[in-house]
**Q** 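The structure under discussion is supplied below as structure tokens; questions concerning it will follow.
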Amino acid sequence: MRTRQAVLRALAALLLVLATGAGASRPPIPPVPQVDLPRFMGTWYLVGGIPTPFEREAWNAVETYTLRRDGSILTTLTFNQGAADGPRKHIEAPARVRPGTGNAVWDVRVFGPVKAQYIVAWLREDYGLMLVARDARDYAWVFARAPAVPEAELEAARRRLQGWGYDLGKWRRIPHVAAPTAQ
């Protein structure tokens with residue numbers, strides 16, 4: 001029962017932050033000038049960042065983006081909860097590109113009418129690594145096309161986040177390992 005109450009409190013706090021746009025007094029985080037949506041779609045490995053309460057114990061996290069006929073984007077996050085062999089979680093959320101943003105700023109519907117800002121704030125030229133941020137400076141994600149990323153690239157992402165005013169004390173590397181096999 002306590003676990004359920006803790007989850008409900010965390011959810012309520014997340015909804016409050018998302019709805020109020022906490023941190024809005026800071027200058028906005030600039031998005032990349034242009035995102036080629038068809039090229040951007042597909043599988044991205046979540047390799048690090050400042051996670052939401054739902055992702056804090058994620059392992060083997062993978063986000064997939066699917067462009068729909070109506071122009072919306074289906075975001076699908078799957079991960080193991082708590083350990084490499086933990087229960088597999090699956091979260092789907094529809095997103096819409098904000099007009100006039102070069103496809104780099106999205107509104108992601110997280111719960112009911114509540115939408116979360118999603119800014120593609122840095123994107124490597126080859127579309128192999130990206131950094132997603134929010135003006136609220138509460139959550140951020142580093143995604144790669146492969147589960148292994150050189151430490152220097154993760155450190156560069158951390159420096160970018162710090163430069164935008166993020167608290168790096170909340171940073172977490174997301175492990176990607178095979179689940180243990182039974183012997």
**Q** Kindly work out whether a path of hydrophobic side-chain contacts (I/L/V/M/F/W/Y, heavy atoms less than 4.5 Å apart) joins Val97 to Leu67.
**A**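 Yes, Val97 connects to Leu67 through the hydrophobic network.
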**Q** Do Asn103 and Gln34 touch side chain to side chain, with heavy atoms closer than 4.5 Å?
**A**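 Yes; the side chains approach each other to less than 4.5 Å.
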**Q** Could you state the interatomic distance from NE2 (His90) to CG (Leu77), rounded to the nearest 0.5 Å?
**A**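 Answer rounded to 0.5 Å: 9.0 Å.
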**Q** Which atom pair, heavy atoms only, marks the closest approach of Ile50 to Asp138?
**A**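 Ile50 and Asp138 have their closest heavy atoms at CG2-O, 3.2 Å.
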**Q** For Ala104 and Pro31, work out which heavy atoms get closest and say how close.
**A**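 Looking at all heavy atoms of both residues, the shortest contact is CB-CB, 3.7 Å.
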**Q** Taking atom CD of Glu57 as the centre, report whether more than 12 heavy atoms of other residues, nucleotides or ligands fall under 6.0 Å from it.
**A**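 No, not enclosed.
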**Q** Is the shortest heavy-atom distance from the side chain of Val142 to the side chain of Leu154 under 4.5 Å?
**A**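 Side-chain contact under 4.5 Å: yes.
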**Q** Any Lys/Arg nitrogen of Arg26 or Asp135 sitting under 4.0 Å from an Asp/Glu carboxylate oxygen of the other?
**A**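 Judged by the 4.0 Å cut-off on N to carboxylate O distance, Arg26 and Asp135 do not form a salt bridge.
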**Q** List the atom of Gly48, the atom of Trp171, and the distance in Å for their closest heavy-atom pair.
**A**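 Scanning both residues completely, I find the closest heavy atoms to be C-CH2, 3.9 Å.
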**Q** To the nearest 0.5 Å, tell me how far Phe54 CZ sits from Lys89 NZ.
**A**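 Those atoms lie 11.0 Å apart.
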**Q** Check this for me, if you would: do Arg68 and Asp70 make a salt bridge, where the nitrogen-to-carboxylate-oxygen distance has to be below 4.0 angstrom?
**A**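 Not counted as a salt bridge, because no side-chain N and carboxylate O are separated by less than 4.0 Å.
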**Q** Is it the case that the side chain of Tyr166 and the backbone of Tyr139 share a donor-acceptor pair, with hydrogens and angles ignored and the cut-off at 3.5 Å?
**A**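 Present.
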**Q** Could you check whether any side-chain heavy atom of Ile91 comes within less than 4.5 Å of a side-chain heavy atom of Thr76, counting everything from C-beta outward?
**A**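 Counting from C-beta outward, Ile91 and Thr76 never come under 4.5 Å.
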**Q** State, to 0.1 Å, how close Ala157 and Leu131 come at their nearest heavy-atom pair, and which atoms those are.
**A**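 For Ala157 and Leu131, the tightest heavy-atom pair comes out as O-CD2, 4.0 Å.
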**Q** Hey, could you give me each pair passing salt bridge (charged side-chain N to carboxylate O under 4.0 Å, His left out) that has a residue in residues 163-178? Not counting sequence neighbours.
**A**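 Qualifying pairs: Glu151-Arg173.
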**Q** Please evaluate residues Val114 and Arg109 with respect to the criterion side chain to side chain contact (heavy atoms under 4.5 Å, CB included), reporting the C-alpha separation (whole Å), side-chain torsions for both, the decisive distance (0.1 Å), and the verdict.
**A** CA-CA 6 Å; Val114 177; Arg109 184 171 304 191; over 6 Å; no
**Q** Contact between Arg88 and Thr78 at the side-chain level, heavy atoms closer than 4.5 Å - yes or no?
**A**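 Yes - at least one pair of side-chain heavy atoms lies under 4.5 Å apart.
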**Q** In the single-linkage hydrophobic clustering (I, L, V, M, F, W, Y; side-chain heavy atoms under 4.5 Å), do Tyr127 and Val120 co-cluster?
**A**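 Yes, it is one cluster - the side chains of Tyr127 and Val120 are joined through contacts under 4.5 Å.
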**Q** Side-chain contact, heavy-atom cut-off 4.5 Å: Asn80 with Asp85?
**A**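 Heavy-atom side-chain distance check fails, nothing below 4.5 Å.
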**Q** Testing the basics here: between Asn60 and Ile174, what is the closest heavy-atom pair and its distance to 0.1 Å?
**A**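 Minimum heavy-atom separation between Asn60 and Ile174: N-CG2, 4.5 Å.
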**Q** So, taking the atom named CD1 in Ile119 and the one named CE in Met130, what distance separates them when rounded to the nearest 0.5 Å?
**A**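 Atom-to-atom, Ile119:CD1 and Met130:CE are 13.0 Å apart.
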**Q** When you group the ILVMFWY residues by side-chain heavy-atom contacts below 4.5 Å and let the links chain together, are Val105 and Ile73 in the same group?
**A**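 No, no single cluster joins them.
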**Q** Could you report the tightest heavy-atom contact between Glu55 and Trp141, atom names first, then the distance?
**A**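 Reported closest heavy-atom pair: OE1-NE1, 2.8 Å.
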**Q** How many angstroms lie between CZ in Phe79 and CD in Glu63, if you round to the nearest 0.5 Å?
**A**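 If I round to the nearest 0.5 Å, the distance is 10.5 Å.
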**Q** Take the angle between the ring planes of Tyr118 and Tyr65 and call it parallel below 30°, perpendicular above 60°, tilted in between.
**A**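 Perpendicular: the ring planes of Tyr118 and Tyr65 meet at over 60°.
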**Q** Check salt bridge (Lys or Arg N to Asp or Glu O under 4.0 Å) between Asp36 and all other residues, then give those that pass, not counting sequence neighbours.
**A**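 Checked Asp36 against salt bridge (Lys or Arg N to Asp or Glu O under 4.0 Å); zero matches.
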**Q** With a 4.5 Å limit on heavy-atom distance, are the side chains of Asp107 and Arg98 in contact?
**A**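 They are in side-chain contact.
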**Q** Evaluate the side-chain proximity of Glu153 to Leu129: yes if any heavy-atom separation is below 4.5 Å, no if none is.
**A**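 Yes. Closest side-chain heavy atoms under 4.5 Å.
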**Q** Show me the side-chain donor-acceptor pairs of residues 37-46 shorter than 3.5 Å, one per line, residues at least two apart or across chains.
**A**
unit_1: Arg39; atom_1: NH2; unit_2: Glu125; atom_2: O; d: 3.3
unit_1: Trp44; atom_1: NE1; unit_2: Phe40; atom_2: O; d: 2.9

**Q** Any heavy-atom pair between the side chains of Trp164 and Arg159 that's under 4.5 Å?
**A**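 Arg159 does not reach Trp164 side chain to side chain.
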**Q** Hydrophobic cluster membership, with links at side-chain heavy-atom distances under 4.5 Å among I/L/V/M/F/W/Y: are Trp106 and Phe143 in one?
**A**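 The answer is yes; both residues are in one hydrophobic cluster.
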